[in-house]
Amino acid sequence: MVVHAVKDLQRQNRIRSASNEGTLEPGHQHTPEQLVLQKEMQREVYRQLQELPFKYRLVLLLKYTNDLTYEEICEITGLNADQVRNAMHRGKKSLKKQIENKGGIWFETYIKG
């Protein structure tokens, strides 16, 4: 059930992303190079997310790609609030470490913390 919910949310996010493609911040003009760099950074974060344990990946995707509240994440995953906070913290820490270990830079823009 949870896996299906995440897949549905990811599908909705892809549709939303396609309609907003090429926008970084409203009201700012960005060069084509900045847009390409931003897209590549997003792709790398998503690649690294795939290497996280499922529980961490799930809560991070629900929070940052779907803008869900902690309460909504609890309802979808069946985890309590402490477990969600713990998974978020550990997931962000693991993601940061993975990206830095592969020579990347941790971009606070994409996932705060």
Side-chain angles (χ1 to χ4, degrees):
M1 178 176 137
V2 172
V3 174
H4 295 295
V6 171
K7 286 182 181 181
D8 289 342
L9 291 171
Q10 287 175 327
R11 191 176 311 111
Q12 290 171 1
N13 188 50
R14 273 188 244 125
I15 293 167
R16 209 176 310 132
S17 293
S19 67
N20 293 329
E21 192 159 323
T23 59
L24 288 172
E25 296 174 18
H28 290 100
Q29 296 296 330
H30 296 283
T31 66
E33 292 84 8
Q34 288 172 317
L35 294 173
V36 168
L37 180 60
Q38 187 239 7
K39 281 292 185 191
E40 184 55 37
M41 288 185 293
Q42 285 177 338
R43 276 190 224 111
E44 183 58 28
V45 168
Y46 282 111
R47 274 184 281 230
Q48 296 302 320
L49 272 169
Q50 298 307 311
E51 295 182 25
L52 291 177
F54 177 75
K55 182 173 158 180
Y56 299 165
R57 183 173 62 243
L58 175 63
V59 296
L60 289 172
L61 286 171
L62 291 172
K63 177 67 177 167
Y64 293 105
T65 63
N66 299 294
D67 295 323
L68 298 182
T69 65
Y70 281 80
E71 293 79 23
E72 292 169 323
I73 295 170
C74 289
E75 288 176 24
I76 290 171
T77 63
L79 300 172
N80 66 42
D82 289 334
Q83 291 170 317
V84 169
R85 276 192 294 279
N86 187 322
M88 289 285 258
H89 173 74
R90 289 181 182 202
K92 288 188 284 189
K93 188 175 178 179
S94 295
L95 184 61
K96 179 179 180 180
K97 186 176 180 180
Q98 277 179 209
I99 290 171
E100 288 174 345
N101 284 343
K102 293 192 178 188
I105 299 171
W106 178 246
F107 293 96
E108 298 290 329
T109 305
Y110 299 105
I111 296 184
K112 305 277 188 240

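Reckoned from all heavy atoms, side chains included, excluding hydrogens, waters and symmetry mates. Along the sequence shown, residues are numbered consecutively beginning with 1.
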**Q** Measure the shortest side-chain to side-chain distance between L62 and V84 over non-hydrogen atoms and say whether it is less than 4.5 angstrom.
**A**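 When only atoms from C-beta onward are counted, V84 and L62 do not touch, as no gap falls below 4.5 Å.
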**Q** Is any side-chain heavy atom of L95 closer than 4.5 Å to a side-chain heavy atom of L49?
**A**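 They are in contact (side-chain heavy atoms under 4.5 Å apart), so the answer is yes.
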**Q** Hydrophobic cluster membership, with links at side-chain heavy-atom distances under 4.5 Å among I/L/V/M/F/W/Y: are L68 and Y46 in one?
**A**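 Linked, L68 and Y46 end up in one cluster.
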**Q** About how many Å separate NE2 of H30 and CG of L37, when rounded to the nearest 0.5 Å?
**A**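 Separation between the atoms: 11.5 Å.
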**Q** Taking only residues two or more places apart in sequence or in another chain, which ones pass salt bridge (Lys or Arg N to Asp or Glu O under 4.0 Å) with E72?
**A**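 With neighbours one apart ignored, the set is empty.
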**Q** If you look at every heavy atom in S94 and L52, which pair is closest and at what distance?
**A**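 Smallest interatomic distance, heavy atoms only, reads CB-CD2, 3.5 Å.
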**Q** Testing the basics here: between K92 and L60, what is the closest heavy-atom pair and its distance to 0.1 Å?
**A**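 So the minimum-distance heavy-atom pair works out to CG-CD2, 3.6 Å.
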**Q** Taking the basic N atoms (NZ, or NE/NH1/NH2) and the acidic carboxylate oxygens, is any pair closer than 4.0 Å for R43 and E40?
**A**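 Here R43 pairs with E40 in a salt bridge, since their nearest N and O are under 4.0 Å apart.
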**Q** So E51 and Y56, do their side chains get closer than 4.5 Å, heavy atoms only?
**A**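 They are not in contact (no side-chain heavy atoms under 4.5 Å apart), so the answer is no.
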**Q** Would a distance-only check, ignoring hydrogens and angles, find a side-chain to backbone donor-acceptor pair under 3.5 Å from N80 to D82?
**A**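 It does hold such a pair.
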**Q** Using salt bridge (Lys or Arg N to Asp or Glu O under 4.0 Å) as the criterion, list what pairs up with R90, not counting sequence neighbours.
**A**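 Residues passing salt bridge (Lys or Arg N to Asp or Glu O under 4.0 Å) with R90: none at all.
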**Q** Does the side chain of K63 reach to within under 4.5 Å of the side chain of Y70, using non-hydrogen atoms?
**A**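 K63 vs Y70: side chains touch.
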**Q** With sequence neighbours excluded, what pairs up with E71 under the side-chain contact (heavy atoms from CB on, under 4.5 Å) test?
**A**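 In terms of side-chain contact (heavy atoms from CB on, under 4.5 Å), with neighbours along the sequence ignored, E71 is linked to T69.
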**Q** Do Q83 and T77 have side chains that get closer than 4.5 Å, going by heavy atoms?
**A**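 SC-SC contact between Q83 and T77 ruled out.
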**Q** Are side-chain N/O atoms of E44 and Q48 paired as donor and acceptor at under 3.5 Å?
**A**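 Side-chain D/A pair, E44 to Q48: present.
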